[in-house]
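As structure tokens, the structure follows; a few thoughts come after it.
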Amino acid sequence: MALKLPIYFDHNATTPVDRRVFEAITPYLTEHFGNAASRNHPFGWKAEAGVENARRQIADLLGATPKDIVLTSGATEADNLAIKGVARMYRDKGNHIITCVSEHKAVIDPCKRLAEEGFDVTWLTPDEFGRVSPEQVSDAITDQTILISIMGANNEVGSINPIAAIGRIARDRGVFFHTDATQAVGKIPINVDEMCIDLLSMSAHKIYGPKGVGCLYVRRRNPRVRLRCQMDGGGHERGMRSGTLNVPGIVGLGQACSIAAIEMSDETQRLTALRDRLQAGISAGLDFVTLNGHPTERLAGTANLSFAYVEGEALMMKMKDIAVSSGSACTSASLEPSYVLRSMGVSDELAHSSIRFSLGRSTTIEEVDYVVAQVIKAVIELRELSPLYELAMENTDSTTSA
Ligand SMILES: *Cc1c(COP(=O)(O)O)cnc(C)c1O
């Protein structure tokens with residue numbers, strides 16, 4: 001089959017809606033358009049049935065019960081609701097929150113906001129592989145700690161945190177544990193009971209569902225978590241999130257969860273093989289390539305690589321028919337390199353040289369081979385223009401011949 005260009009290797013940013021998800025959604029845009037809160041006619045009942053079915057599908061993927069699921073507009077809202085909601089509800093109990101500097105902005109910024117409001121936030125630093133250890137978390141807990149928020153898997157480098165061990169510590173010490181599992185859900189097995197998770201954020205559009213919908217798992221027993229809501233209004237979602245439910249989006253989220261549950265294990269195997277082929281192919285054709293993230297405790301589809309002596313942005317420009325992300329956030333106004341890579345101790349130079357390849361459900365072996373060839377070609381061309389690279393080569397030549 002002919003290769004279709006451009007190639008999408010940016011699945012950690014967003015994913016296309018799976019055809020099966022699309023088909024589940026469409027009736028809820030047209031015939032079943034009712035308001036799920038309309039209790040007195042069949043239009044409302046039909047919409048509510050769609051929502052309740054989705055709630056069950058989501059809960060099943062997490063090992064939760066449907067009543068624990070609070071539907072939101074996505075993971076950013078879920079993170080805000082979890083963090084600010086717990087902090088403001090349990091302020092009398094304590095004012096200390098533990099999180100990590102390599103979290104997504106949707107966790108970092110709410111924690112900064114709370115710090116402005118007088119909360120005491122401990123910012124853990126991840127190790128060189130981008131992971132937080134249970135000991136670090138344990139050591140940071142005080143008698144004032146009310147919440148620990150540590151992500152399931154990192155969006156930039158794919159490193160997977162020891163969530164079950166952190167959850168165990170939180171439970172033993174009587175502290176609530178929130179995890180932003182947006183990148184983990186549907187990719188690695190999650191069970192909120194076994195992992196002692198009290199709050200969990202996720203988003204549909206990272207798992208082949210539509211954008212603008214997600215949810216927060218909120219534990220209702222052993223222990224019960226109470227939240228101060230962000231949005232006041234009609235009292236939807238047990239008062240935790242007012243606003244008319246996005247019925248088609250929610251149906252899509254449910255369907256996406258149910259597909260992920262069935263296909264996760266085979267897809268993980270398939271993506272691991274493709275990702276390893278990508279890494280091996282690139283490393284065979286180029287020197288000075290380093291992996292950012294944990295070698296094994298990492299999402300199957302994610303490979304964040306640094307190409308020394310090459311600017312990530314320049315590399316992306318050369319590979320116009322390949323969609324990836326770079327660790328130099330030049331899209332924003334700043335020229336700051338990725339804060340995630342820096343927190344792992346990666347130098348500014350290597351952070352600027354990094355590219356995140358994130359593979360997904362539609363990725364083929366032909367695409368991987370094409371990307372390998374394009375990356376090698378582009379890096380060689382750029383390095384030919386680099387005096388620093390030339391110097392490095394001369395140095396390695398002299399050391400090997402010495
Ligand atoms: C994408 C992402 C988010 C934000 O999710 P939205 O649904 O787009 O708000 C939060 N956390 C992580 C780890 C993500 O990857």
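Whatever order the structure lists them in is the order used to number ligands and atoms, beginning at 1.
- Glu367 has no carboxylate O lying under 4.0 Å from a charged side-chain N of Lys4, or vice versa, which leaves the two without a salt bridge.
- Judged purely by distance below 3.5 Å, without hydrogens or angles, the side chains of Lys206 and Thr14 never pair a donor atom with an acceptor atom.
- For the pair Ser353 (side chain) and Glu349 (backbone), a donor-acceptor distance under 3.5 Å is present.
- The contact shell of ligand 1, taken as protein residues with any non-hydrogen atom closer than 4.0 angstrom, comprises Gly74, Ala75, Thr76, His104, Met151, Asn155, Asp180, Thr182, Gln183, Ser203, His205, Lys206.
- Annotation: side chain to side chain contact (heavy atoms under 4.5 Å, CB included) contacts of Asp139 (sequence neighbours excluded): none.
- A donor-acceptor pair is defined here as one N or O able to donate and one able to accept, closer than 3.5 Å; no such pair exists between the side chain of Glu48 and the backbone of Gly44.
- When only modelled atom types and interatomic distance are considered, Thr122 and His96 share a side-chain donor-acceptor pair under 3.5 Å.
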